[in-house]
Asker: 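Supplied in structure tokens, the structure appears directly below.
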Amino acid sequence: MKITKLFFGFIVWFGFITTAQDKAFSLEEIWGGEFRTENLQSLHSMKNGTQYSVLEKDKASGATNIEVYNYKTGEKAKTLISSAAIEGLDTFQGYSFSKDENRILLSSEMEQIYRRSSRGIYHIYDVPSNGVFKVSEKKIQSPMLSPDGNKIAYVLDNNIYMLNFVTGQEIQLTDDGKKNEIINGITDWVYEEEFSVVRAFDWSADSNKIAFLRFDEKEVPEFSMDVYGNALYQKQAVFKYPKAGEKNAKVTLYIADINAMALDQVNLGTYKDFYIPRIKWTANPDILSVQVMNRHQNNLDLIFVDAKTKAPKVILNEKDQAYIDITDNLTFLEDNSFIWTSEKDGYNHIYHYAATGTLISQVTKGNWEVTQYYGYDKKNKRILYQSVENGNINRDIYSIALDGKDQKRLSTKEGFNDAEFSADFSLYINYFSNATTPYEYTLNDGVTGKVIREIKNNKALLDKLAQYDVRPKEFSTIEINGESLNMWMIKPKDFDPKKKYPLLMYQYSGPGSQMVKNSWHRPNDYWYMMLAQKGYIIACVDGKGTGFKGAKFKKATQNDLGNLEVQDQITAAKQLGSLEYIDASRIGIWGWSYGGFMSSNCLFKAPDTFKMAIAVAPVTSWRFYDTIYTERYLMTPQENAKGYDTNSPINFVDGLKGEFLLVHGSADDNVHVQNTMQLIEALVQANKEFDWAIYPDKNHGIYGGNTRLHLYNKMTNFIKENL
């Protein structure tokens, strides 16, 4: 076995841990927020590029204010608006500006629907006149101001509306919206979850046209789940959820011309069983861009639609043997040329195309991945982005000319760097952390990367942690099945290589994911330190199928989820178990969601390697999961039954020999509790002993009140008793 250690960061830690005390972490502290980092408020960069706005609550009056600050000094310039001055609006939760910043959309009384969707009460504040009015007496969804700031479009009861502030004209663009049948202007459950999009409409640049999607989900099978609450009778939540191989909603595209009072359906061509994951108007107000993808998600057309003739034209086509990821990186420049990201050369990179779809240049190149696209600085003709060029467990911020020349690394510290640029890209806020440094926020020059001033740090948290027995992550790589896999390990204090320690492995393993990264702790990391204080070694290995090492590595698991990933975890357990200081008879594994699918498979398929496993909210058969995610990696069950069943934990319960804890929330709209119930039934019929827990009315995150504390107490006790 070969384990290669990576030594960065340990000099810092040596100075830190030699003065540390022996205070133990507790679950009450971890889940009570005792070790939370100080975060920077979400800010909006004002169009002048020198100021930003933030939402703040006045402690004395309780009013909500939008405050404007100067980037370079951090001093407050003015209070733009206060809820105290708005009759009937005591507070608001969010805001967005019109393009000219003369109107502000204020959101209040927000009510969550699914992961990304919500509805609420919205007001429009007119900055020049200080006037305010309510958009609707009812809670609406996904409102969006027009580019000229004179109109707003929104969705109410699955229909799309347009209101003109100047004329007072209100138009209901659709009237066929109906719950669980027709949706206009917002996405259905599966698009929201898997394409990360809720608003399904967009304004043209001249504010005269609205393009929107219509979802006909009448033939999509319904899923229902009981919501128990506190009443005498439970309620039932019923919604459309297309499971793998089942019918999706039929999606159609419309363009509404506000001036002409016309609404037309756009015929995109001869596509069958397809997705429209993104629509976006180009810089030309008469040209709409539409991304159309086949059901297998390995063929994508970027189409330009002429709003006058409704004629579609394929501008760009992407094909992949596995799948194509959907992003929000498409950016149109003033000449309607556009920025596009693609994995077509084997790594995710940035490309510049002419308005005709002709490739002008591949902007970034190399055996590394672009991980974020920040935008295009038109003044200096450069692109700002984040990548893993400095090691795939790190992130750095770069600028590069539009022609691919003059690349410059703006960030300097090794670890995770993220950026929030000012509107004119002259400045940016750098969000930095690594495994030894909690979040630091600095204002930096957008051209040179030079630090202008520190905004906030978390030194107080480091001072607090100095009292505790903080256990560092040791980063390394491990050679498994022909690949060098990233790994971290946490060891107990006074670690003795001549002693034998039990090992708990954590992983997620889903396609494109990453659990081994050089960033600051999440709550689970404190839990791992707590377990290390009790004498356990904790390790995490990112196996094949995980991200940021190129398309070949990420897509190696295609059509066979749970095979190579499980092999990697089993092999890693065996190799780690061969180390002198690990007790090979006491190796456990745990995971959540995809990680629960993995930990179940590892325990069932390698009963002589793993002594115990915990699976939280696991997929137990991909036949139960949704179309977009599942078919992206497995095709349909009708096409690839073997890929679904060969690696389904339900089909391997006979292999269970060790201890198994199975946990799920009863109101999980994502990975349905059906997964756990079916696995329970299979285990019962195989006469296998196991432990399980169902958390009533809890979703995929299993949180709220003391829920997380209870869950982690349960898992901790299970580990102590069985490992």
Side-chain angles (χ1 to χ4, degrees), residues 1-4 6 297-298 320-325 343 345-348 367-369 371 388 391-394 475-489 505-518 539-578 587 589-606 609-610 613 615 618-619 622 625 629-635 640 642-649 652:
M1 179 186 62
K2 181 182 178 185
I3 298 179
T4 305
L6 306 177
Q297 300 171 66
N298 59 8
D320 193 284
Q321 290 186 338
Y323 60 89
I324 298 163
D325 283 317
E343 292 181 317
D345 78 344
Y347 294 86
N348 191 48
N367 297 337
W368 45 268
E369 304 261 294
T371 45
V388 296
N392 53 42
I393 67 171
N394 297 317
F475 291 94
S476 61
T477 58
I478 182 170
E479 303 298 321
I480 290 178
N481 298 328
E483 295 282 357
S484 181
L485 305 181
N486 293 332
M487 179 175 80
W488 58 251
M489 183 179 285
M505 295 176 65
Y506 162 68
Q507 46 64 59
Y508 177 75
S509 303
S513 64
Q514 185 179 46
M515 297 296 109
V516 182
K517 48 192 175 185
N518 186 19
C540 178
V541 176
D542 276 340
K544 281 188 284 294
T546 56
F548 311 108
K549 299 180 79 172
K552 183 180 178 182
F553 185 86
K554 181 175 73 171
K555 296 173 180 178
T557 60
Q558 189 69 9
N559 295 328
D560 200 20
L561 293 185
N563 179 14
L564 296 180
E565 309 100 303
V566 170
Q567 288 182 37
D568 281 349
Q569 296 300 319
I570 293 171
T571 304
K574 289 178 177 178
Q575 289 196 19
L576 293 172
S578 70
I587 298 177
I589 188 167
W590 95 280
W592 196 306
S593 195
Y594 198 105
F597 160 73
M598 288 287 298
S599 59
S600 303
N601 267 330
C602 286
L603 185 65
F604 299 168
K605 291 190 173 187
T609 301
F610 295 99
V619 172
W622 289 108
Y625 204 53
Y629 183 93
T630 314
E631 294 171 12
R632 180 185 302 154
Y633 309 117
L634 286 174
M635 298 193 295
N640 183 25
K642 182 180 178 183
Y644 280 77
D645 299 333
T646 302
N647 302 311
S648 168
F652 294 92

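Numbering starts at 1 and runs along the sequence shown. In this text the structure is predicted, and so the values were computed from the model without any measurement.
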Asker: With no hydrogens and no angle check, is any side-chain donor or acceptor of Asp542 less than 3.5 Å from a backbone partner on Asn486?
Answerer: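 Side chain of Asp542 to backbone of Asn486: no pair is present.
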
Asker: Determine whether a donor-acceptor pair (N or O, by modelled atom type, separation under 3.5 Å) exists between the side chain of Lys552 and the backbone of Gly346.
Answerer: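 It does not hold such a pair.
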
Asker: Looking only at non-hydrogen atoms, find the nearest pair between Leu485 and Gly543 and report the distance.
Answerer: CD1-CA, 3.9 Å

Asker: Between the side chain of Thr571 and the main-chain N/O of Gln567, is any donor-acceptor distance below 3.5 Å?
Answerer: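 Checked: pair present.
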
Asker: With under 30° as parallel and over 60° as perpendicular, where do the rings of Trp622 and Tyr594 fit, or are they tilted in between?
Answerer: tilted

Asker: Of all heavy-atom pairs between Tyr644 and Met635, which one has the smallest distance, and what is that distance?
Answerer: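 Smallest heavy-atom distance, with atoms named: OH-O, 2.6 Å.
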
Asker: Less than 4.5 Å apart, side chain to side chain, heavy atoms only: is that true for Leu603 and Pro649?
Answerer: no

Asker: So how far is it from Phe475 CZ to Asn394 CG, rounded to the nearest 0.5 Å?
Answerer: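 Spacing of CZ (Phe475) from CG (Asn394) equals 8.5 Å.
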
Asker: Checking side-chain hydrogen bond (donor to acceptor under 3.5 Å, both in side chains) between Asp325 and each of Arg632, Lys554, Gln297, which is the one that passes?
Answerer: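 For Asp325, the side-chain hydrogen bond (donor to acceptor under 3.5 Å, both in side chains) check succeeds only for Lys554.
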
Asker: Got a second to check how far Thr646's OG1 is from Phe652's CZ, nearest 0.5 Å?
Answerer: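 Rounded to the nearest 0.5 Å, the OG1-CZ separation comes to 6.0 Å.
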
Asker: Is there a side-chain contact between Phe553 and Thr546, using heavy atoms and a 4.5 Å cut-off?
Answerer: yes

Asker: Decide side chain to side chain contact (heavy atoms under 4.5 Å, CB included) for Ser600 and Phe604; before the verdict, give the C-alpha distance in whole Å, the side-chain angles of both, and the deciding distance to 0.1 Å.
Answerer: CA-CA 6 Å; Ser600 303; Phe604 299 168; 4.3 Å; yes

Asker: Looking only at atom types and distance, does a side-chain atom of Asn348 sit under 3.5 Å from a main-chain N or O of Glu369, one as donor and one as acceptor?
Answerer: no

Asker: Return each pair, listed once, that meets salt bridge (Lys or Arg N to Asp or Glu O under 4.0 Å) where at least one residue sits in residues 563-577; pairs must be two or more places apart or across chains.
Answerer: Lys544-Asp568

Asker: Would you find a donor on one side and an acceptor on the other, under 3.5 Å apart, between the side chain of Gln569 and the backbone of Ser599?
Answerer: no

Asker: Val541 versus Ile478: any side-chain heavy-atom pair under 4.5 Å?
Answerer: yes

Asker: Evaluate the side-chain proximity of Lys555 to Glu343: yes if any heavy-atom separation is below 4.5 Å, no if none is.
Answerer: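 Yes, close enough: below the 4.5 Å cut-off.
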
Asker: Within the 4.5 Å heavy-atom criterion, are Val566 and Met598 side-chain neighbours or not?
Answerer: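 Side-chain contact under 4.5 Å: yes.
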
Asker: Start with the C-alpha gap between Tyr633 and Thr557, add the side-chain angles, then the distance that decides, and say whether side chain to side chain contact (heavy atoms under 4.5 Å, CB included) holds.
Answerer: CA-CA 8 Å; Tyr633 309 117; Thr557 60; over 6 Å; no

Asker: Under 3.5 Å, side chain of Asn392 to main-chain N/O of Lys549, donor-acceptor pair present?
Answerer: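 Judged by distance alone, no pair lies under 3.5 Å.
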
Asker: Going by heavy atoms in the side chains, are Asp560 and Asn647 under 4.5 Å from each other?
Answerer: yes

Asker: Looking only at atom types and distance, does a side-chain atom of Gln507 sit under 3.5 Å from a main-chain N or O of Ile589, one as donor and one as acceptor?
Answerer: no

Asker: Check for a donor-acceptor pair, side chain of Asn640 on one end and backbone N or O of Asn559 on the other, with a separation under 3.5 Å.
Answerer: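 Yes: the side chain of Asn640 pairs with the backbone of Asn559.
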
Asker: Looking at the rings of Tyr506 and Trp592, which for Trp means the six-membered one, are their centres under 6.0 Å apart?
Answerer: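 Not under 6.0 Å, so no.
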
Asker: If I take atom CG from residue Leu561 and atom OG from residue Ser509, how far apart are they, to the nearest 0.5 angstrom?
Answerer: 11.0 Å

Asker: To check you understand the geometry: which heavy-atom pair defines the closest contact between Leu576 and Ala539, and what is its length?
Answerer: CD1-CB, 4.2 Å

Asker: Do you know the tightest heavy-atom contact between Phe548 and Thr371?
Answerer: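 Minimum heavy-atom separation between Phe548 and Thr371: CD2-CG2, 3.4 Å.
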
Asker: Of all the heavy-atom pairs spanning Phe610 and Ala573, show the shortest one and how long it is.
Answerer: CZ-CB, 3.6 Å

Asker: Please give me the minimum heavy-atom distance between Thr609 and Ile587, naming the atom from each residue.
Answerer: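 Closest approach of Thr609 to Ile587, heavy atoms only: O-CB, 3.7 Å.
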
